[in-house]
Amino acid sequence: RPTFEATHSSIGAYRACPRLYWYQYVALGSGIKSRYLSDSLAIGSAYHAALEDYLTARRDARVLPEDWPVGLVRDWLKANEGSVRAEDVEDIYTHAMGLTRAQRKKFDALEDFTVLEVEKPFRVRLDTGVYLKGKIDGLGTHHGNPWLVEHKTASRVDGDYLEGIPADGQILRYVFAARALRVNVVGVLYTIAKKSAIYGRKNEADESRRQRILGAYAGDDPTIHEWARVSDDDVTRVVANTIRTIRDIGRAERFKGPWSQNENACFGRFGKCPFYFPCIQQPWKKSSGVPPIGFLTKTTKHEELETACST
């Protein structure tokens, strides 16, 4: 019997638009990706890398350097310089620094919190021949209870955003995964960092604007820690739905389609689909064997597990 596996990201892509899934995970063998990271994804990735280091240091009782996370964020930018536009580097650095310092301050004030695991990879069985893969941001205990830890960056956070956390599909899947790894989490510590919306003033120098952004992060706490318990019934429901979706993905890959287009997914709350150009504007000749202009072939199907980020 064939074995099917998927990640939270690939499940979301397939549900949004099967053709989007094909571009991202199937085209040219392992999928294609944009040549450059979006600003929001780059900021989130650098921020995520810094939080990984912070939680690891807290777990291991390692003292962080006085200027932390300056070197770490710079190292991330250097390691990813081919994926980040040169003109965006300093803005990405500024936001990542401001968000990370604020989140560290929030965590430093959190008492009776013990880090158990950081960036914990998993591959768990959901059903016969059906597996979920991923990487958990963190696992920890608070007041004696084990909790999942999930990091997110956001430009806007309101009551609806927070209310939806206990029913979030990723959270419920990862709760199931944590429990399969024998950590019986009761819910999630959802750490949110709100990105500053400060823009440049007329004739203002870039450095001046960046200093105002750092000042805003230091002055107005952009972080939220939301503790949310989850329902076992919700976990069961989401896992059942996930099994059906992964089987659908597996059948589509096995029989090479159909990769139908969902026209309503071309423009969403995060903007235009990243594959709108080769899919709609200038249809890509897939038989060429090379990625369309502005895109690269992915090295592995699930690269997101190697360069994990929260957006």
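Nothing here was measured: the structure is a model prediction, and the numbers come from that model.
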Tell me yes or no: between the side chains of [X] and [Y], is some donor less than 3.5 Å from an acceptor?
{"X": "S9", "Y": "T7", "result": "no"}
{"X": "H95", "Y": "Y47", "result": "no"}
{"X": "Y54", "Y": "R58", "result": "yes"}
{"X": "H143", "Y": "E111", "result": "no"}

Short question: side chain of [X], backbone of [Y] - any donor-acceptor pair under 3.5 Å?
{"X": "D137", "Y": "H151", "value": "yes"}
{"X": "W284", "Y": "V290", "value": "yes"}
{"X": "R254", "Y": "P2", "value": "no"}
{"X": "Y217", "Y": "S196", "value": "yes"}
{"X": "R59", "Y": "E117", "value": "no"}
{"X": "D127", "Y": "V130", "value": "no"}

**Prompt:** Are V235 and L148 connected in a single hydrophobic cluster, I mean Ile/Leu/Val/Met/Phe/Trp/Tyr linked by side-chain heavy atoms less than 4.5 Å apart?
**Reply:**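 Hydrophobic grouping puts L148 with V235.
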**Item:** Test: R74 cationic atom under 6.0 Å from Y93 six-membered ring centre, within 45° of axis
**Value:**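 Here R74 passes the 6.0 Å and 45° test against Y93.
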**Prompt:** Which atoms form the tightest heavy-atom contact between E5 and R123, and what is the distance?
**Reply:**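 Reported closest heavy-atom pair: OE1-NE, 2.7 Å.
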**Prompt:** Would D108 and K105 pass as an ion pair if we require N to O under 4.0 Å?
**Reply:** no
**Asked** Does a side-chain N-to-carboxylate-O contact under 4.0 Å join K301 and E253?
**Response** yes
